[in-house]
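Heads up, the thing below is written out as structure tokens.
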Amino acid sequence: MRSWRWQFSRMMRLCLRWCRLCPKRGGRPSKPQRKLRELWSYWKLLLNSLYFNSLTNSDTCLDCVFEPVYWIVDNVTRWFGVVFVCLVIALTSSVLVIVYLCLLPVILNTYPLQWIVWHLTYGHWVLMMVLFHYYKATTTSPGHPPQVKSDTPSVSICKKCIVPKPARTHHCSICNTCILKMDHHCPWLNNCVGHFNHRYFFSFCLYMTMGCMYCSVSCKDMFIEAYNAVEVRETKNVNFLESYYQTPPPLFSFREKMVHKSVIFIWVLTSSVAVALGGLTLWHAILITLGETSVERHINKKEIRRLKEKGKVFRNPYHYGKINNWKVLFGVEETSHWLTRVLLPSSHAPHEDGLVWEFPKALTRRDPMTI
């Protein structure tokens, strides 16, 4: 009978053979061993393809690590986009209700005729522009590259859509598709800002800022009166309680109390939005002047630093000149278009199709050094 030492050594050799996936001497590997070896080779190939290729860099590794976080943020933003749109509609509607029920009667009864005409004309013009451009910005598709094979020139292949990407096209992880001339995904529109709705987005920001500034300045005196009335009422209520009911406070009707609170609400809301949205509008105005989008601003900064290290100068190929950049955005080809396409609602299409970018023939290049 064989000793226990021989049995133990035999068991250890079998375990080592199994763990190392080594076949028996002079024999072929068994079926389980072949499957394990194939599985290990497959996972090894996956690791090598992920970490050892010419396209891998620190940004790719960070994207892989933070992919779960990106997934959560994208899905939350996608679902909350509807909530943000409803919030914009609700706040805008509340401002309109307060203006028509509380402020407009005061203007019609106390202001001179010329100021009444001014407020009615300017206020309704701004309101028309805000409503038109917000509707168009939310319902207009930003534009997508063709999903089928075509002759459209492309600069790269989208790693997620696996389709050719034309110039200025980027992938939106929230919309899960590529966007032509993508600027950013706006949750307040529940839509991407791209080639075909960029003008609507900027015009909405501009006219909404103008409208909020108009309301804030127009109702400043009413806000001060309402705030003082509320402050005096609260102070006299406290003094009345402290004086053992000797002097009753002045009585305000329910309507007067609601008017005071409504005026305070509309002034605080419009002033806050004017400051916040005004900063955003100014930032996008700078980008438009330079012929860039928000995404391209980030990319161009890296390119500027890279070329500066080599002693070269970066030139934006989509910068047609400061004035021409605005003409391209608004679709201005004639002088009359500043009125019909900028100061009045217009649904005209942009100059380009978003697939090929060339200097518009209808414009004159004033800066010959700009390329």
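Not measured: the values here are computed from a predicted model.
Cluster annotation: Val268 and Val99 are assigned to the same hydrophobic cluster (Ile/Leu/Val/Met/Phe/Trp/Tyr, side-chain heavy-atom contacts under 4.5 Å, transitive). Hydrophobic cluster membership is shared by Phe196 and Leu355, with clusters built from Ile, Leu, Val, Met, Phe, Trp and Tyr side chains linked at under 4.5 angstrom. Both Val95 and Ile264 are members of a single hydrophobic cluster when ILVMFWY side chains are connected at heavy-atom separations under 4.5 Å. A single hydrophobic cluster is seen to contain both Met129 and Leu127, as judged by linkage of ILVMFWY side chains at heavy-atom distances under 4.5 Å, directly or through other members. Connection of Val88 to Val273 is established within a shared hydrophobic cluster, with ILVMFWY side chains joined at heavy-atom distances below 4.5 Å, either directly or through further cluster members.
The salt bridge (Lys or Arg N to Asp or Glu O under 4.0 Å) analysis of residues 160-169, with sequence neighbours excluded, yields the pairs Arg168-Glu296. Pairs engaging residues 268-295 under the salt bridge (Lys or Arg N to Asp or Glu O under 4.0 Å) rule: Glu292-Arg297 [sequence neighbours left out]. Here salt bridge (Lys or Arg N to Asp or Glu O under 4.0 Å) pairs that include residues 206-229, with residues two or more places apart or in two chains, number zero.
The hydrophobic side chain of Ile174 is isolated, with no ILVMFWY side chain under 4.5 Å apart from it. Other residues sharing a hydrophobic cluster with Leu113 under the 4.5 Å side-chain heavy-atom criterion for ILVMFWY residues are Val117.
Here the side chains of Leu277 and Leu280 are in contact, with some heavy-atom distance below 4.5 Å. A heavy-atom distance below 4.5 Å is not found between the side chains of Val313 and Leu307. In this structure, the side chains of His195 and Glu352 come closer than 4.5 Å at one or more pairs of heavy atoms. Using a 4.5 Å cut-off on side-chain heavy atoms (C-beta onward), His119 and Tyr214 make contact. Residues Leu343 and Trp338 form no side-chain contact, since every pair of their non-hydrogen atoms from C-beta on lies 4.5 Å or further apart. Lys181 places a side-chain heavy atom less than 4.5 Å from the side chain of Trp357. Within the 4.5 Å cutoff, the side chain of Trp40 has no heavy atoms near those of the Leu36 side chain. Looking at heavy atoms from C-beta onward, Ser218 lies out of side-chain contact with Trp267 at the 4.5 angstrom threshold.
Within 6.0 Å of atom CZ in Phe80, 12 or fewer heavy atoms from other residues, nucleotides or ligands are found, so the atom counts as exposed in its surroundings. A 6.0 Å sphere centred on OH of Tyr122 holds more than 12 heavy atoms belonging to other residues, nucleotides or ligands. Atom CE of Met213 is surrounded by 12 or fewer heavy atoms from other residues, nucleotides or ligands within 6.0 Å.
Nearest approach of Tyr100 to His124, heavy atoms of both residues: OH-NE2, 2.8 Å. Scanning all heavy atoms of the two residues, the minimum distance from Cys172 to Ile179 falls at CB-CG1, 4.0 Å. For the residue pair Pro145 and Cys178, the shortest heavy atom distance occurs at CD-O, 3.4 Å. When all heavy atoms of His260 and Ala229 are compared, the pair lying nearest together is CE1-CB, 3.6 Å. Across all non-hydrogen atoms, the minimal contact from Ala285 to Phe202 is N-CE1, 3.8 Å. Taking each heavy atom of Val332 and Val342 in turn, the nearest pair found is CG2-CG2, 4.0 Å.
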Practice item. Take Val328 and Tyr320 through the side-chain contact (heavy atoms from CB on, under 4.5 Å) test and state the conclusion after the steps. Key: CA-CA 9 Å; Val328 169; Tyr320 305 136; 3.8 Å; yes
Review point. Ser294 and Asp183: side-chain hydrogen bond (donor to acceptor under 3.5 Å, both in side chains), yes or no, with the steps?
Key: CA-CA 5 Å; Ser294 299; Asp183 189 276; 2.9 Å; yes
Check your understanding: Taking it one step at a time, do Leu290 and Asn316 satisfy side-chain contact (heavy atoms from CB on, under 4.5 Å)?
Key -> CA-CA 8 Å; Leu290 298 177; Asn316 182 12; 5.7 Å; no
Point to revise | Derivation of the side-chain contact (heavy atoms from CB on, under 4.5 Å) call for His170 and Ile299 | key: CA-CA 11 Å; His170 302 279; Ile299 297 174; 3.5 Å; yes
Practice item. For the pair Leu180 and His144, evaluate side-chain contact (heavy atoms from CB on, under 4.5 Å) and give the outcome as yes or no after the intermediate values. Key: CA-CA 5 Å; Leu180 298 177; His144 311 285; 5.6 Å; no
Review point. Can you list the steps and then say if Ser216 with Thr270 is a side-chain hydrogen bond (donor to acceptor under 3.5 Å, both in side chains)?
Key: CA-CA 6 Å; Ser216 179; Thr270 55; 4.6 Å; no
Can you give me every donor-acceptor pair (side chain of residues 186-193, partner residue at least two apart or in another chain, under 3.5 Å) with its distance?
from: Asn191; atom 1: ND2; to: Ala137; atom 2: O; distance (Å): 3.2
from: Asn191; atom 1: ND2; to: Thr140; atom 2: O; distance (Å): 2.9

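A distance of 6.0 Å separates CZ in Arg341 from OG in Ser346, rounded to the nearest 0.5 Å. For the atom pair Arg199 CZ and His133 NE2, the distance stands at 5.5 Å (nearest 0.5 Å). Tyr135 contributes atom OH, which lies 11.5 Å from atom CD1 of Ile89 (distance to the nearest 0.5 angstrom). Here the straight-line distance linking atom CG of Leu103 with atom CG of Leu108 works out to 11.0 Å at 0.5 Å rounding. Here Ile323 contributes atom CD1 and Thr289 contributes atom OG1; the two are 8.0 Å apart, rounded to the nearest 0.5 Å. For the atom pair CE of Met222 and CD1 of Ile107, the computed distance is 5.5 Å after rounding to the nearest 0.5 Å.
Ring planes of Trp125 and Tyr207: perpendicular class, angle over 60° (limits at 30 and 60°). Note: His284 and His184 have tilted aromatic rings, judged against thresholds of 30 and 60 degrees for the angle between ring planes. Relative ring orientation between Trp115 and Trp118 is described as perpendicular, the plane-to-plane angle rising above 60° on a 0-90° scale split at 30° and 60°. The aromatic rings of Phe330 and Trp326 sit parallel to each other, their planes meeting at less than 30°, with 60° as the upper class boundary.
Using a distance-only test at 3.5 Å, with no hydrogens or angles considered, no donor-acceptor pair links the side chain of His198 to the main chain of Gly194.
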